[in-house]
Amino acid sequence: MSMNKSVNEPPWLDELNPQQRDAVTYGDGPLLVVAGAGTGKTKTLAYRVAYLIARGVNPGRILLLTFTRRAAQEMLQRASRVTQRGTPVTGRVWGGTFHATANRLLRIYANAAGLSKDFTILDQGDAEDLIGMIRHEMGLHSQEMRFPRKRTCLAIYSRTVNGSMPLHDVLERYFPWCDMWEKELRSIFGQYVARKQERNVLDYDDLLLYWAEILSSDRLASELSSRFDHILVDEYQDTNPIQARILRGMRHGNNNIMVVGDDAQSIYAFRGATVKNILDFPSQFEGAKIVKLEQNYRSVSPILETTNLVIAAARQRHTKNLWSQRQGGERPKLVTCKDETQQDEYVIDRVLSHYEQGVPLRKQAVLFRAGHLSDSLEIELTRRNIPYHKYGGLRFLEAAHVKDLVSFLRIAENPRDEMAWFRALQLIDGIGPGTAARAVKHVAKEGNDPGAIRTFRVRPAAREALAALAGVMDDIIKDNYNPAMQIERIRKFYDPLLQKLYENPGARMRDLISLEQIAAGYKSRRDFLADLQLDPPTSTSDLAGPPHRDEDWLVLSTIHSAKGGEWDVVYLTHAADGFLPSDMSTGSQDEIEEELRLTYVALTRARDFLYITWPLRYYFKWYALTDGHTYAQRSRFFTDEVMTSIDEVHLEYASGDDISMDIEAGTDIANRIRGMWKK
Ligand code: ATP
Ligand code: MG
């Protein structure tokens, strides 16, 4: 196929520039699109899917790998809009994250992987707890030994697995202070793996690891790769070595693979991702064609000028400066605020003024480095009745009450899942870790029938509750209960406990209702659990279901979760050293470099207006009693050179302003305190 326009080429190819078109209409073989932000990489991928289908490729034989499920859905919707003007032929495309795809394939090839089909998945917290338990059992937990904490242990384990690197090297390079514990760590990890296998559970890393392992057999690699005629991958810069290995295995039979990425936007090195995957692509997939894109379609020129200057400071970089045809427009503004309160006021003021001028809230986004940084803004937005949705930060699934409820489903799915048992059992008054461990053993002895928990002997006080729990298990493993009914049944048991166990039970109950509503969309508990754990809802809007046409809300997002997105107006808050770069990530030059790329990702989300704000004074909320605050410095990434492209705004605050602002805040607090006693 060439880029010559032939008569039967679809007309919508005209919506692409020549390089994009080249990529979309490329024939068989490996293809790498490496290009900067907003150059249409994702668009090109979506059009490629459409093109392949228009050319007769069976949609069920296309695999589209993206960073979130939502991203895959959006791309497929786009592809169907392009080709069919409505008919979603793309519905059969395999689309989603690496982890979700691994989950699907591992159920099919469970036997080959030495797994049983009904395996359940440990989330991060469970994995940490399991490691903590093993560490404890091995007597490595005592204070004076200064043995790494469970979270650190898991991080070391994860880094080793994901980086396909020996433990020794990982310790030396990333965790030198744990170096002396190599022997102990190795034995903990050995037990951790054995324990997971015995219990038929996989952690997140295992999903990739098992997938990669089955591909190491030639026969299975042929078998798996023959399922797909084409594989396409977005955000390739954020894949890790194991994912690259998986892709090689998945292309055993043919080498039709297209990946797109931007090395300047690599922001997941802390999880083992590496831009090396992009650089190595041509050598790993022989005969790869490389396409570069340099025209940015997203941002107006003044914004692009700033983002080009910001990324120019990166030491390693392969993509070139971008240009835009979108002339005119305003220069970005850097706004120095007195403190967070003023920063919130400024942002809200601008949001409303753009709204007045016709930019819906949905097309405006406030971005920040860490989830908690929007706390005060959220309070202010709520107070003023401005609707918003937040992406990133604490995930829904990490909330204790959601984990509680999910643990019942996990037991029903896989009665060997000990972490789920521990969680569920310890909800009962009078059952602690020791009793729970004995109870799990008891169930195992009874052939892993969840209802067998009934015959476990406990103190009289806990007996009734335990029998009730057994009743729940009996009911929900029945075939005639769909996932939503199962949750309803669990809630009969769990809701009264929730009332006793947690503060703010009303809000938590609403989460459970949402969960029940999501579950109603599923036929099988297994699929529901997998989606919930592998692609957890990242915002309240995911939970609320498809929005109404006239609904509008402001977007709040961590920078990591904003990846790939674009908004007419973008506000980057807390652009001060300590927040950006985060003081958690200023240990090495590499870490700082990643923070620079993160800043670049944030700024390149903006189409028409870009505001960068930072609070001069920052109060330590956690030491409220000492009234401690600190003076911040403008983020080091906004160098004098970068500032030549930005307009500086110093907010005026006459002493009078100051006072009235405090009074307003004061009334609000009084109100809130009174409100605590209402209801
Ligand atoms: P990022 O690196 O941020 O993920 P990207 O390279 O994936 O960006 P897209 O999101 O695909 O870029 O495209 C950015 C914007 O430019 C989108 O609004 C897209 O519709 C538009 N765009 C891309 N290519 C073209 C084109 N040829 N003509 C007009 N608009 C285009
Ligand atoms: Mg993209």
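Counting starts at 1 for both ligands and their atoms, following the listed order. Numbers here simply count residues along the sequence, with the first being 1.
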Q: Quick check on the 6.0 Å ring-centre criterion: do His354 and Tyr611 meet it?
A: yes
Q: For ligand 1, is Arg78 a contact, meaning one of its heavy atoms is under 4.0 Å away?
A: yes
Q: Who's the nearest protein heavy-atom neighbour of atom 8 (O) of ligand 1, and how far?
A: Gly38 N, 2.9 Å
Q: Regarding Tyr388 and Gln364, is there a side-chain donor-to-acceptor distance under 3.5 Å anywhere?
A: no
Q: Would a distance-only check, ignoring hydrogens and angles, find a side-chain to backbone donor-acceptor pair under 3.5 Å from Asn256 to Asp229?
A: yes
Q: Using distance alone, with no hydrogens and no angle criterion, decide if Asn17 and Tyr297 have a side-chain donor and acceptor under 3.5 Å apart.
A: yes
Q: What's the verdict on side-chain contact (heavy atoms from CB on, under 4.5 Å) for His99 and Gln533, showing C-alpha distance, side-chain angles and the deciding distance?
A: CA-CA 10 Å; His99 287 91; Gln533 291 193 285; over 6 Å; no
Q: Note the single closest protein heavy atom to atom 2 (O) of ligand 1, along with its residue, its atom name and the distance in Å.
A: Lys41 NZ, 2.6 Å
Q: Could you check whether any heavy atom of Ala46 sits closer than 4.0 Å to an atom of ligand 1, since that is the contact criterion I want to use?
A: no
Q: Just jot down the ligand 1 atoms closer than 4.0 angstrom to any heavy atom of Gly36, in number order.
A: 6 (O)
Q: Heavy atom under 4.0 Å from ligand 1: found in Lys563's side chain, backbone, both, or neither?
A: neither
Q: Enumerate the atoms of ligand 1 whose separation from the nearest heavy atom of Glu15 is less than 4.0 angstrom.
A: 26 (C), 27 (N), 28 (N)
Q: If you measure only the distance, is there a donor-acceptor pair under 3.5 Å linking the side chains of Gln237 and Glu235?
A: yes
Q: What is the closest protein heavy atom to atom 28 (N) of ligand 1, and at what distance does it sit?
A: Tyr297 CE2, 3.4 Å
Q: Would you sort out whether Asn277 and Tyr236 count as a side-chain contact (heavy atoms from CB on, under 4.5 Å), showing the intermediate values?
A: CA-CA 7 Å; Asn277 281 351; Tyr236 195 60; 3.7 Å; yes
Q: Which residue holds the protein heavy atom closest to atom 11 (O) of ligand 1, what is that atom called, and what is the gap in Å?
A: Lys43 N, 2.9 Å
Q: Check whether the side chains of Asn162 and Asp205 place a donor and an acceptor atom closer than 3.5 Å, and report yes or no.
A: yes
Q: With a cut-off of 2.8 Å, which protein N/O/S atoms are close to the Mg ion (ligand 2), if we only count those under it?
A: Thr42 OG1
Q: Quick one: do the Trp614 and Thr573 side chains pair a donor with an acceptor below 3.5 Å?
A: no
Q: Can you list every salt bridge (charged side-chain N to carboxylate O under 4.0 Å, His left out) pair that touches residues 33-49, not counting sequence neighbours?
A: none
Q: Cut-off 3.5 Å, side chains only: do Arg350 and Ser353 have a donor facing an acceptor?
A: yes
Q: What protein heavy atom sits nearest atom 12 (O) of ligand 1, and how far away is it?
A: Gly40 N, 3.0 Å
Q: Check the pair Asn254, Arg251 against side-chain hydrogen bond (donor to acceptor under 3.5 Å, both in side chains), reporting the backbone distance first and the verdict last.
A: CA-CA 5 Å; Asn254 74 58; Arg251 294 298 65 191; 2.6 Å; yes
Q: If you measure from each heavy atom of Asn17 to ligand 1, is any distance below 4.0 Å?
A: yes
Q: Could you list which atoms of ligand 1 come closer than 4.0 Å to a heavy atom of Gly564?
A: 4 (O)
Q: Looking at ligand 1, does Thr604 have a heavy atom less than 4.0 Å from it?
A: no
Q: For ligand 1, which atoms sit closer than 4.0 Å to a heavy atom of Arg605?
A: 3 (O)
Q: Do the charged groups of Asp647 and Lys333 touch, with an N to O distance under 4.0 Å?
A: no
Q: Is the shortest distance from a Lys or Arg side-chain nitrogen in Lys363 or Asp552 to a carboxylate oxygen in the other one below 4.0 Å?
A: no
Q: For atom 10 (O) of ligand 1, grab the closest protein heavy atom and report residue, atom and distance to one decimal in Å.
A: Arg298 NH2, 3.1 Å
Q: Determine whether any heavy atom of Gln295 lies closer than 4.0 Å to an atom of ligand 1.
A: no
Q: For atom 27 (N) of ligand 1, which candidate among Glu74, Arg607, Gln20 provides the closest heavy atom?
A: Gln20
Q: For atom 14 (C) of ligand 1, what's the nearest protein heavy-atom neighbour? Residue, atom name and distance, please.
A: Glu566 OE1, 3.5 Å
Q: In Å, rounded to the nearest 0.5 Å, how long is the span from CG of Leu16 to OH of Tyr51?
A: 11.0 Å
